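FYI, side chains are in, hydrogens and waters are out, and symmetry mates aren't considered; it's all heavy atoms of this structure. Here is how names work: the chains are called A, B, and so on, in the same order as the sequence lines, proteins then strands, and each is numbered from 1. Because the structure is predicted, anything quoted here is derived from the model rather than measured.
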Amino acid sequence: MSAEPLLSVSDVRVRFPSGSSLTSLAGKPRGIEAVSGVSFTLGRGETFALVGESGSGKTTLARTLNGLQAVATGSIRFDGQHLVGLSEAQMKPVRGRMPMMFQDPVGSLSPRLSVRLLLAEPFVIHGLSKRDLNAEVARLLALVGLPRDLADRYPHQLSGGQARRVGVARAIALDPVLVLADEPTAGLDVSVQGEVLNLLNDLRDRMGLSILIITHNLHVVRQIADRMAVMYLGRFVEQGETGAMFRAPHHPYTAALLSANPEPDPDKIHNRIVLPAEVPSLVARPSGCEFHTRCPCAQPLCASDVPPPVTIGASRLTCHFPLSVEAPAASASA
Amino acid sequence: MTPEMFRYTLKRLWLGVIIVSLAMMMLFAMIYLIPGDPASVALGPRATPAMVEALRARMGLDQPIWMQFVHFYGSALRGDLGTEVLSGRPVLTVVMEQLPFTLALIGGGISWSVLLGIPLGCMAAVKRGGFVDRVVGVLSVAVIAVPSFVVAIYSLLIFAVALEWLPAIGAGEPGNLSSQLEHLILPSLAVGIGWVGYIARMVRASMLETLEASHIRTARAFGLTDRRITYSYALRIAILPTVTVLGIGIGQMLSSAVFAEIVFARPGIGKLVYEAISVRNYPIVTGALLVTTILFVFINVLADVVIGVLDSRVRSSFN
Amino acid sequence: MTLLSVKDLSVAFHTEGGRLEALKRVNLTVPANRIVGVVGESGCGKSTLINAILGLLADSGEVTSGEILFEGDKDLTRLGSDQMRALRGQKIATVFQDPMGALNPVLSVGRQMRDIQYRSGLSRQQKNERSIDMLRKVRIPDPERRLVQFPHEFSGGMKQRIAIAMALMMEPALLIADEPTTALDATLEVATIELLKDLQRDIGCSVLFISHHLGVIAELCNEMVVMYAGEVVERGTTHEIFHNARHPYTRKLLACDPARLSRREPRLPTIAGTLPDLRNRPQGCIFQPRCELADEVCRMAPPDAAFEGSHVARCWHAEATMAGVSP
Amino acid sequence: MLDQALTDFPPRRRERLAATKNALKRILRDPLGAIGLTLVVLAVVSAVFAGVLTNYDPNRISPMVRFAPASLQHLLGTDHLGRDLFARMLFGGRIALSVAVGATAGSLIMGMVLGLIAGYGPRWLDNILLLIFDGAKSFPTVMLALTLVTLSGPSLLAVVFVVVLVSVPGYARIIRTQTLVMRSAEHVIAARSMGASTGRILRVHILPNIVGPILILASMDVPSVVAIEAGLSFLGLGVRPPTASWGTILNDGFSNIRDSYWILIAGGLPIVLTTLGFTFLGETLRDVFDVRLRERS
């Protein structure tokens with residue numbers, strides 16, 4: 001790992017406009033903050049996982065890194081280059097080195113293009129169509145373990161697992177250094193899920209890729225991620241080394257998420273932290289610590305004061321009353 | 001009326017006002033851009049340049065364009081659509097005199113299309129692939145395709161001229177309802193028949209789609225009767241697109257009504273305009289266009305409000 | 001006592017590409033007051049099974065053999081549509097997967113809850129009171145006010161809880177839950193499972209719980225059924241199957257779940273091969289083309305090998321798997 | 001750049017041909033589709049070969065044979081001026097079809113451009129365009145046509161202009177909605193994430209997915225264009241007499257409705273057959289090509 005991390009994100013905020021067009025014309029930039037002051041770094045060859053409930057801002061964050069979503073404030077540094085404020089044209093080469101994989105395996109493939117054209121697309125977009133595209137397509141298909149004759153099929157003729165592999169092949173077409181994988185196993189059966197994760201792991205080992213993976217499956221995180229971050233209402237509430245966080249979560253929300261993970265063992269006795277109520281809306285964020293409305297350990301202080309960042313071991317978190325190592329939730333991890 | 005509904009209605013009305021102003025702006029632009037000067041059109045080819053100039057001044061056409069527009073817009077707002085060239089009566093009065101006849105005709109057309117179209121569509125959807133479905137399928141396409149004025153001419157030829165079952169021309173004796181209704185049958189059928197087919201198809205399609213929805217499966221799984229599922233769970237949703245489309249349909253029926261009035265020599269806006277064209281009575285033509293446009297826009301507003309009442313999702317997603 | 005027993009049920013669909021055998025000789029029982037899980041990957045026939053039980057198979061589908069006995073004597077495959085409808089919602093209630101689409105979007109929640117009580121003979125007021133009670137039971141805050149609201153005014157988790165409230169309102173003998181937690185976040189998922197457990201205990205009904213999530217099945221169910229390509233390959237108590245799986249498919253399926261791995265593995269286990277084409281089933285054992293233990297004998301239809309208790313596996317080598325490697 | 005990709009991977013022509021053949025077969029399998037296709041072909045052929053199919057000049061007046069009923073001499077009889085109605089019908093078809101094709105193509109192209117701009121452009125532009133579409137659509141078609149023709153004088157060009165004006169907003173709105181849906185579709189975001197330019201996204205990832213249904217829709221709109229042309233000509237506001245148009249024939253017949261019904265048949269029958277043909281064909285095309293419908297079966 002070189003001295004400078006491959007990707008460093010610092011205090012990034014992303015806002016979505018809301019309200020009618022008339023009020024926005026009136027010059028009042030109301031909006032909701034979907035990503036709210038996120039900072040992290042990602043080293044070369046490292047796998048970093050983002051976890052959190054739906055609507056916590058995971059996908060928005062990944063799209064922001066790729067330049068699909070404008071940054072309101074903050075900075076993103078990728079491979080020695082600042083990304084915030086780049087034009088579409090300047091962003092283009094970056095996107096070749098930092099491709100994205102999308103949730104819906106079939107839906108993320110253009111329905112009227114054959115697999116051949118889909119796989120050739122990255123080369124065409126990046127002005128590399130002088131290469132022998134047929135050979136490139138064959139190489140990519142082999143790389144992801146798909147038969148050559150699949151090249152003339154259309155997305156709707158592929159199974160979920162096959163479409164996912166085509167998605168992976170497209171992502172690695174231009175020898176990237178970082179892959180942003182948004183729920184790469186969503187909607188896949190467990191037996192196929194393993195294949196896709198193994199493929200990603202292989203590619204990481206062979207090509208030295210870094211991977212940013214978004215998933216809600218914590219078991220997947222434990223299997224493939226080196227480090228992880230837990231998002232809640234657009235913020236990182238805790239981030240750290242995966243093994244340590246599974247062993248000893250310090251933020252009550254992390255502990256609750258980890259415990260809310262049914263395990264395939266009927267004899268397991270669960271020490272579950274059941275969270276009351278539902279996730280607050282981004283439009284009306286709670287005061288103080290934003291998790292206090294659902295936190296089992298909330299104190300009066302939590303409702304009034306924003307918690308400061310704390311470092312415990314390798315974990316960084318924002319909480320007034322972090323859990324000790326012997327937290328009850330620790331028993332939930334295997 | 002709930003406050004939410006009130007707000008929605010108000011917003012929808014406001015949008016209607018904006019659209020009408022925009023349409024007026026476009027109308028004005030078209031009048032201005034089209035080669036051909038309203039004054040010379042009104043006076044005909046044998047007018048001397050001096051006569052044209054005089055009329056131009058009288059109509060305000062010699063003023064700068066923005067002044068003309070302000071004038072045009074301002075007087076329209078006051079209900080002043082100009083005066084008829086020949087009789088000197090206000091255009092609005094002349095148009096309004098004829099409007100009820102046209103509205104009656106459109107009302108007749110809507111009655112045909114709703115009273116026949118909705119039940120036919122329902123029947124076709126419920127017994128999908130059955131006899132009714134197939135007959136309705138072919139017939140509805142056929143009646144949609146054939147232009148209404150052709151229907152008008154042929155029905156006049158067959159039922160009035162050849163068979164003499166129904167009266168051929170006029171709107172019936174004033175004050176005699178049965179005579180008026182008798183005179184309404186053929187023209188309103190010509191106006192409405194295409195829409196019978198259109199609505200039948202529409203109801204059928206959206207009914208089929210709704211019946212496939214998962215909440216219908218839920219209702220079945222709770223053992224609700226087929227009758228209740230069809231008529232109060234599915235039809236309520238399936239009818240929604242029909243309401244919107246009927247709003248638009250009224251605009252198209254207005255077009256058909258123009259032809260029906262001319263073919264059946266019925267009083268009404270269409271006949272008024274047609275006769276105005278032949279004598280180059282130009283303010284009547286634009287005045288009638290403006291009145292019918294406003295009518296059409298606000299009928300659509302009404303349709304949207306009705307949808308809002310029927311479907312709470314629309315209300316809250318608006319804006 | 002057995003509440004529901006499915007015996008040798010086969011269901012076929014007529015499709016453009018030919019006859020598709022969606023279910024083949026399916027056997028399972030749901031004892032009274034128990035929760036039975038059905039687990040399997042996509043295309044295994046879970047939904048067809050539910051639709052067959054509810055009598056809601058599509059027009060192109062047909063029960064070709066077998067019976068579905070409910071409360072001992074009623075064969076659901078032979079009941080008329082009126083008799084079947086009398087059972088649905090009253091004796092057999094269902095919660096479906098999609099919480100967003102499960103409720104009618106243009107009718108208020110209260111109206112929909114009243115409508116399903118149409119056979120109760122209660123007054124409108126009484127029906128509303130019962131609805132409010134049920135909403136309270138599924139922990140919907142402020143149920144009186146909520147009753148007049150429309151589905152789009154509720155969150156996904158709340159909608160699913162309303163669906164559960166509706167299903168349990170008539171105190172059915174059997175609740176069929178078709179992946180009711182799949183569309184929910186993990187925190188909501190466990191809350192919903194806890195809720196289902198509590199309500200099942202209160203009402204004393206049986207539950208047939210369909211899921212592809214092994215963890216949820218393990219936590220919630222007393223017994224379970226493993227399906228593969230339209231067949232029940234193994235069934236037994238949850239304990240037996242998670243600890244002593246006999247069918248090679250079950251063992252593979254369990255091995256694939258990353259949650260079962262105690263350590264971080266460089267390679268996650270997978271099942272080689274793909275699901276067979278149900279229009280053209282392989283000869284003999286359905287899993288044989290993908291099975292490492294397959295041999296000549298597997299080309300013949302395998303027996304339902306019975307073990308201690310209710311444990312059954314449809315495999316020639318069920319004994320051998322037992323002796324083989326542990327999962 | 002797409003073109004380059006396509007030359008690198010030439011689409012296999014044989015496959016395309018087979019697909020076309022297959023589609024044709026499926027259209028003909030449906031009785032409505034077969035009738036529709038036959039009628040459309042008939043209309044097109046009779047308009048194109050009008051000069052070959054009849055020896056009569058459609059405008060030649062023969063006072064000797066006024067109001068002649070149908071006979072071998074005059075297949076559809078003659079009108080009040082003794083003109084051969086069969087010839088007038090054939091030449092009228094030329095007017096009807098050229099207006100229909102020209103105006104539909106024109107509106108389609110304009111609608112597509114505006115719809116793509118509204119759907120993929122900035123939101124303020126979308127809002128403005130939407131208002132303009134709504135404004136333009138709020139005129140009742142025939143009333144607007146009457147006004148414009150009054151101002152500009154009757155002409156074919158005015159008819160085409162009216163048709164374009166009233167149909168562009170409809171097409172544009174549909175294309176806009178589809179574009180909006182596509183814009184947030186995952187495959188388009190995926191293309192953006194790879195760095196594809198806006199032009200490429202519109203051309204390769206959006207347009208091909210919406211153009212099919214729109215073309216089918218346009219083919220189903222041909223009847224209403226035919227109706228507008230014939231209708232305005234019927235009122236004497238489209239084609240100037242003595243030029244033959246189905247509408248002017250109908251007008252001649254209508255003026256003489258008590259003397260000779262066959263003039264009405266010569267004017268009305270082709271309108272009925274053409275509109276039915278296009279509608280039946282369009283319906284079948286939709287059933288054959290609409291992916292959503294196909295998936296359901």
**Request:** Identify which part of D:Ala230 has an atom lying under 4.5 Å from any heavy atom of chain B, answering side chain, backbone, both or neither.
**Result:**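 Interface part for D:Ala230: both.
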**Prompt:** Checking D:Leu250 against chain B: side chain, backbone, both or neither under 4.5 Å from a heavy atom?
**Reply:**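 Just its side chain gets close to chain B.
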**Asked** Which answer fits B:Val273, side chain, backbone, both or neither, if we ask what part of it has an atom under 4.5 Å from a heavy atom of chain D?
**Response**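 Just its side chain gets close to chain D.
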**Request:** Under 4.5 Å heavy-atom distance to chain D, tell me which part of B:Leu27 shows up: side chain, backbone, both or neither.
**Result:**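 Answer is both: backbone and side chain atoms of B:Leu27 are under 4.5 Å from chain D.
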Minimum-distance pair of heavy atoms, taken over all atoms of [X] and [Y]:
X        : Y        : result
B:Ala145 : D:Pro223 : O-CB, 4.2 Å
B:Tyr154 : D:Leu269 : OH-N, 3.4 Å
D:Gly135 : B:Ala23  : O-CB, 3.8 Å

**Request:** Write out, in numerical order, the residues from residues 270-279 of chain D with a heavy atom short of 4.5 Å from a heavy atom in chain B.
**Result:**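 Only D:Ile271, D:Val272, D:Thr275, D:Leu276, D:Thr279 of residues 270-279 of chain D have a heavy atom under 4.5 Å from chain B.
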Roughly how far, to the nearest 0.5 Å, is [atom2] of [Y] from [atom1] of [X]?
X        : Y        : atom1 : atom2 : answer
B:Tyr274 : D:Leu146 : OH    : CG    : 9.5 Å
B:Leu157 : D:Ile265 : CG    : CD1   : 7.5 Å
D:Ser138 : B:Met24  : OG    : CE    : 11.0 Å
B:Phe296 : D:Phe139 : CZ    : CZ    : 11.0 Å
D:Leu131 : B:Leu15  : CG    : CG    : 6.5 Å

**Request:** Look at B:Val138, B:Ile144, B:Val263 and state which one has the largest set of heavy-atom pairs under 4.5 Å with chain D.
**Result:**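 Top option by heavy-atom pairs under 4.5 Å: B:Val263.
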